[in-house]
Structure formats: structure tokens, C-alpha cells
Amino acid sequence: MSANRPAAVVVLAAGEGTRMKSATPKVLHAICGRSLVGHVVAASRELDPEHLVVIVGHERAKVSAHLAEIDPAVRTAVQHEQNGTGHAVRMGLEELGNSGVVLDGTVVVVCGDTPLLTGGTLRKLSDVHAADGNAVTVLTAEVPDSTGYGRIVRDAATGAVTAIVEHKDATEAQRAIREINSGVFAFDAQLLTDALGKVRTDNSQGEEYLTDVLGILREAGHRVGAAVAGDHREILGINNRVQLAEARKLLNERLLHVAMMDGVTVVDPASTLVDVTVTFERDSVVHPGTQLLGATHLATGAEVGPNSRLKDTTVGAGAVVDNTVADGALIGEGANVGPYAYLRPGTKLGTKSKAGAYVEMKNAVIGEGTKVPHLSYVGDATIGEFTNIGAASVFVNYDGVNKHHTTIGSHCRTGSDNMFVAPVTIGDGAYTAAGSVITKDVPPGSLAVARGQQRNIEGWVARKRPGSAAAQAASDAQQDGRETDAEQ
């Protein structure tokens, strides 16, 4: 446990986010596999705070339910009316106080719409706050263009923050300052509680501003300091869909950079999308046009893409997955999938198995070395080792009400264009003939033939389709045959 462990982190997530123009609350919009507020909560958790409180307001039932799902230990406090950031923080502290929590130490306040903020930067803020003995420490950033942001004005001798001046109120000299306020702060808990009681609402919005706390503490003789973020992009807030896309791009680049530095080959990062929950092992390869989502994992030497989308899927060492969609699948070592395969939840491919071109699988367990090469549907099935499933086979698993299971043993050879009408079992070493509809169990080592007797009706085309191209072709072929017979 860190010596600078905060007493609490308060996440501001009560706003409506009208500029998103969405029925979804702003903080629930997602990038790279997490909601905006989910990213902030994850970064805050890296501080290991004693208490983590999220302030909810707009669509609070939805936001609270989401928080309970992603982090059940999170506490929520309701800001019934949007009366400013100071009011929101006060609601959070009152929620803790009403449950008997006495805060002693540091309170970190973060915004719920800053998904690029990292735990490392929050740790730096907390450490600077403790080391400098500040009453409040502002997280700042030096940006290329500070237009529109609140400028950080410092004391030239001590480096202490003397003011945060909004752009519209800044002098020409102050507007030249590139250090800006991020809206993220570390406070002394007791001083924050006292100062919030003194915040006034005599401003144009009639709201309680958290930034007013800085002036109150400074006037009382307390030191206000700052910690500068290493990357100014971390403090970017999301207010519209354009900024959402920009943040997604930046976060995706960050994730891929980490993967590549850890030994993963990403052939074209610009066309590759990953979630924060995706994991890799060294020497895995990701080809262009690939999306890796959820809890997907690529083992050593696994090769995915091009043009593949994998969600919650594990790809074993040395496996190759080409032009494939997979959701909740387990692909064994050395397996070969695709192109144009679809692996649905519950699919488990054994070592060196194959799900080939235009193969769909669902809730299917495929044994080692078994191949389903092409044009087949395998649903609700178990197939043993080193079996070959013929092309255009369908596992008929649904009777209109219930799903049924098919079991095919090891070392079987099933013919092309087979229908396996479940429930049915094919024993080890058995064969089935091409074009068969298998409705009964096949004993081990047997050959099952389930198709009608072929009957040729000669002259049918001439009688039923006279004058057609087919009739003419048949007549020509017959004439050629007679001439060949005569020559012989």
C-alpha cells in the first residue's frame, strides 16, 4: 500500500452531455472496450483509494447500474440538480459523511469524461501533493494551443499557483501562458470540506465552482501547487462525437504501442483496433483490418488477420486465423481458421484442428487434428480426434423448439453434403456416404448410406423440353455417340 494512498477519489459524472446528442449518457459512451467513466474508474483504482465515489445525476439509474456491474465496490452520490462542480464534490463528501466515514488525508477529484487519464499521472499528482505539503494541487498540462482554457498563473519565485484565469478574463500576457487547468485536483480532505462550505453562488451561472476553493484556501494562507502531466492529451475531455473518435484513436495508438514494444508485430496500426482488455504474448502477429475486442488473448506465434474480428476469443500458440469473425471461441495451438469462418460462443478447436472456408461453428468442441475444411455448419456438437467432415455438411441441431446434440467419434470420415439430424452419434472409425441424411446412430467402424436409389429416365428432356438448348445438346451428344460407335 502506498504511503500516499488517498482517503478518497471523487469522480464527477453527473452531467448530461447535451453536445453528444445522444439518448446514452455521455459517460456511458465507450471507447476501446470501456465506457468513459469506466476508464476513469480504472485509472482511479490504481491509486488504491480508501473510498471511490462517483457523482451521478443525469440518467443516474443507468449510470449507477453500469458502475455496479464494472466495479461493485464503487459508491455513488446523487447530484439531483446540476449546481456546479463544487456542489457535486460536496454531495460526494456528504455521502461518505452520512455513512460514518471521517476523511483524513488526500481527496482526489477527477472528471468522468477523461478516458485518456492514466493511473500513473494520478499517482504523480498525489505524490507531488504530499511532497510539497499543498492544501490543493492542480493537475496541469502544457498544450500547443491554450485558447479557451483556464491559464495557470504561478509565483515566479516559489512556483506556487496564484490563480487560474479563464481565457475570457485573461490579459494578453496571461493568454500567452501554455500551462492550463485540467479540472483534476488533489485536496487536503479537511481543508476541502471547510472551504466547500464557503463557496458562493454569486456568479453568472449561479453555481458552486470547485475552482473557487483554490482562492479560498490561498487567501487563508495555504499553499496551492501544481503537477504537470507528462502528455497533455491525457487531460482531454469528451464533449461530442468528434472528440470521442479522436480519443479512441489516441487510446488505440497507445495500446498498440505498448503491445509492439512488448514484442507483438502489428503490421498496420492504422487499421488495427484493440480493446484495453486484450492481451498478447510475444511474437504474435496482427495483420491489417483486424479488430481484437473484449478478453481476447493471442498466444506466442499466433497470427490473426487480415480482416478479422475476434471478441472474447483465445488464440493458441502458432494458430492462424484468417478473415474470420469469432465470439467467445477457444482456438487451440496450431489450429487453422478461415478464410471467411464464423466461430460463435462455445466453440473450442483442438490442437492443429481446422475450421476452413465458409465454416460456421456454435457450441462445438472439435478434437485434435480434426478438420472441417469448408462450407459447413457445426452446431451443438462434439467431434473427436483426427476426423474429417466432408464439404457442405450441416449439423441439424434445432427441431423448432429445442436444440439437440450430435457426437462424432475419432478417426471418422464423413462424406460431402451430409445432414446429421440430432440427436445422433457416429462411432469411432465410422464412415458416412456422400449425400446422406443421417438420422440414426452409426456404430463404430460402420459405413452409413442414407440416400435414395438413383434412377435415370432416358429421353425425358426430348419429350418434356423439345426445342430447348438442353434438348439440342443432348441430341448432338447422342449423334456424336452413334458416329463414334459406327467408326469403331
Any donor-acceptor N or O pair under 3.5 Å, side chains Glu333, Thr351: no
Asn418 and Thr432: side chain donor to acceptor below 3.5 Å: yes
message: Testing the 3.5 Å rule here: is there a donor-acceptor pair between the side chains of Arg75 and Ser99?
response: yes
- prompt: Is there a donor-acceptor pair under 3.5 Å between the side chain of Ser410 and the backbone N or O of Glu385?
  reply: yes
query: Do you know the tightest heavy-atom contact between Ala302 and Gly316?
result: CB-O, 3.6 Å
query: Of all heavy-atom pairs between Gly379 and Phe395, which one has the smallest distance, and what is that distance?
result: N-CB, 3.8 Å
task: Flag the pair Lys362 and Asp380 as a salt bridge only when some basic side-chain nitrogen lies within less than 4.0 angstrom of an acidic carboxylate oxygen.
output: yes
task: Tell me yes or no: between the side chains of Ser353 and Glu368, is some donor less than 3.5 Å from an acceptor?
output: no
task: Under the side chain to side chain contact (heavy atoms under 4.5 Å, CB included) rule, what do Leu12 and Val110 come out as? Steps first, then yes or no, please.
output: CA-CA 6 Å; Leu12 306 182; Val110 298; over 6 Å; no
- prompt: Does the distance from a Lys or Arg side-chain N to an Asp or Glu carboxylate O, for Asp327 and Lys311, drop under 4.0 Å?
  reply: no
- prompt: How far does OG1 of Thr314 sit from NZ of Lys348, to the nearest 0.5 angstrom?
  reply: 10.5 Å
- request: Determine whether Leu349 and Met361 make a side-chain contact, defined as any pair of heavy atoms from C-beta on separated by less than 4.5 Å.
  value: yes
query: Taking 4.0 angstrom as the limit, do Glu46 and Arg123 come out as a salt bridge?
result: no
query: If you look at every heavy atom in Leu52 and Ser44, which pair is closest and at what distance?
result: CD1-CB, 4.0 Å
- prompt: Is atom NZ of Lys403 surrounded by more than 12 heavy atoms (other residues, nucleotides or ligands) closer than 6.0 Å?
  reply: yes
Arg19, CZ atom: more than 12 neighbouring heavy atoms under 6.0 Å: no
field: Taking every non-hydrogen atom, the tightest pair across Asp275 and Gly33
entry: OD1-N, 3.0 Å
- prompt: Have Asn397 and His405 got a donor and an acceptor in their side chains that come within less than 3.5 Å?
  reply: no
Backbone N/O of Ile31 and side chain of His39: donor-acceptor pair under 3.5 Å: yes
- prompt: Is the number of heavy atoms from other residues, nucleotides or ligands under 6.0 Å of Lys124 NZ greater than 12?
  reply: yes
query: Taking it one step at a time, do Arg282 and Asp262 satisfy salt bridge (Lys or Arg N to Asp or Glu O under 4.0 Å)?
result: CA-CA 7 Å; Arg282 290 182 179 181; Asp262 285 343; over 6 Å; no
message: Measuring from atom OG of Ser436 to atom OH of Tyr431, what distance do you get when rounded to the nearest 0.5 angstrom?
response: 14.5 Å
- prompt: Does atom OH of Tyr149 have more than 12 heavy-atom neighbours from other groups under 6.0 Å away?
  reply: no
- request: Would you tell me whether Ser35 and His66 have side-chain atoms, one donor and one acceptor, within less than 3.5 Å of each other?
  value: yes
message: When you compare the side chains of Gln472 and Asp476, does any donor N or O come within less than 3.5 Å of an acceptor on the partner?
response: yes
query: Just checking, is any N or O donor in the side chain of His29 or Thr24 under 3.5 Å from an acceptor N or O on the other one?
result: no
task: Scan Leu330, Val321, Ile331 and name whichever one has a side chain to side chain contact (heavy atoms under 4.5 Å, CB included) with Leu343.
output: Ile331
- prompt: Would you say the side chain of Asn363 lies within less than 4.5 Å of the side chain of Thr347, judging by non-hydrogen atoms?
  reply: no
query: Going by atom types only, do Glu281 and His297 share a side-chain donor-acceptor pair under 3.5 Å?
result: yes
message: Is a donor from one side chain sitting under 3.5 angstrom from an acceptor on the other, for Asn456 and Glu458?
response: no
